[in-house]
Amino acid sequence: MTKEKALKIFEALSDLYPEERAELHFSNPFETLIATMLSAQCTDKRVNMVTETLFRDYPDAKSYLALTQEQLESRIRECGLYRMKAKHILEACEILVKDYDGQVPSTRKELMSLPGVGQKTAGVVLLAAFGDDQIPVDTHVFRVSNRIGIAKANTPDKVEIQLRDIIPEGERSRTHHLLIWHGRRICHARHPECEKCPLNNGLCEKNLD
């Protein structure tokens, strides 16, 4: 796909979702990190329900170290994969307290050195907490990008490389949210509502599963 056509797609999505924004709730870099770790294979709505009280009771990395893994598991059970997530969160908090004075680091390399933090999670934290121009590839960005034809790759990392090439600097973070909103509202994994889509006029390549 040409950059010119891709920009027309992003303009159409921007008109469709003028209110686009992150839908996870957080108020600082630490909350951003924990909410993003919890969001793996879980809806933002469910994560927000869990973190509403979790962030109130445990506001920083040090406070989590008073919890056993079983105690944290009971607090995040509704997010799914709770045993693995609890283990990674506690290990990450221990490193934050020991090596970073409880603060979340602001580089991709340091973030990805934390347990449970991969390319996507690091990108979301850099975007949402530190204002970096990132385009993390979650399940929605991956699906929608391949389906409409602005990327053609079989892994999130490869999709991110292709999107970085086609999306102008300064627009990547916003485009990340636009693709997520479109994936949640119209371009569903199953039964996409193509009849409602503003890209259904020759812009979308309709690479349906």
Distance from [X] atom [atom1] to [Y] atom [atom2], nearest 0.5 Å?
| X | Y | atom1 | atom2 | value |
| --- | --- | --- | --- | --- |
| D44 | M49 | CG | CE | 13.0 Å |
| T107 | E110 | OG1 | CD | 3.5 Å |
| K120 | S39 | NZ | OG | 4.0 Å |

For residues [X] and [Y], determine if any side-chain heavy atom of one lies less than 4.5 Å from a side-chain heavy atom of the other.
| X | Y | value |
| --- | --- | --- |
| Y17 | I186 | yes |
| T43 | N48 | no |
| S145 | V137 | no |
| K3 | P168 | no |
| V104 | L111 | yes |

Is it the case that [X] and [Y] place a side-chain donor and acceptor less than 3.5 Å from each other?
| X | Y | answer |
| --- | --- | --- |
| E193 | H188 | yes |
| R83 | Q69 | no |
| E11 | S14 | no |
| E31 | S27 | yes |

Inset, instruction - I would like to know whether E52 and R75 meet salt bridge (Lys or Arg N to Asp or Glu O under 4.0 Å); could you show each step before the answer? - result: CA-CA 11 Å; E52 183 177 3; R75 295 296 300 262; over 6 Å; no
Legend entry - Audit row: C42, E78, side-chain contact (heavy atoms from CB on, under 4.5 Å) steps and yes/no: CA-CA 9 Å; C42 184; E78 294 181 27; over 6 Å; no
Inset, instruction - Could you tell me which non-hydrogen atom of I135 sits nearest to which non-hydrogen atom of R164, and how far apart they are? - result: CG2-CG, 4.1 Å
Inset, instruction - Decide whether a cation-pi geometry holds between R184 and W181; the criteria are a distance under 6.0 Å from NZ or CZ to the six-membered ring centre and an angle within 45° of the ring axis. - result: no
Inset, instruction - Measure centre to centre between the rings of F30 and Y100, then say whether the value is under 6.0 Å. - result: no
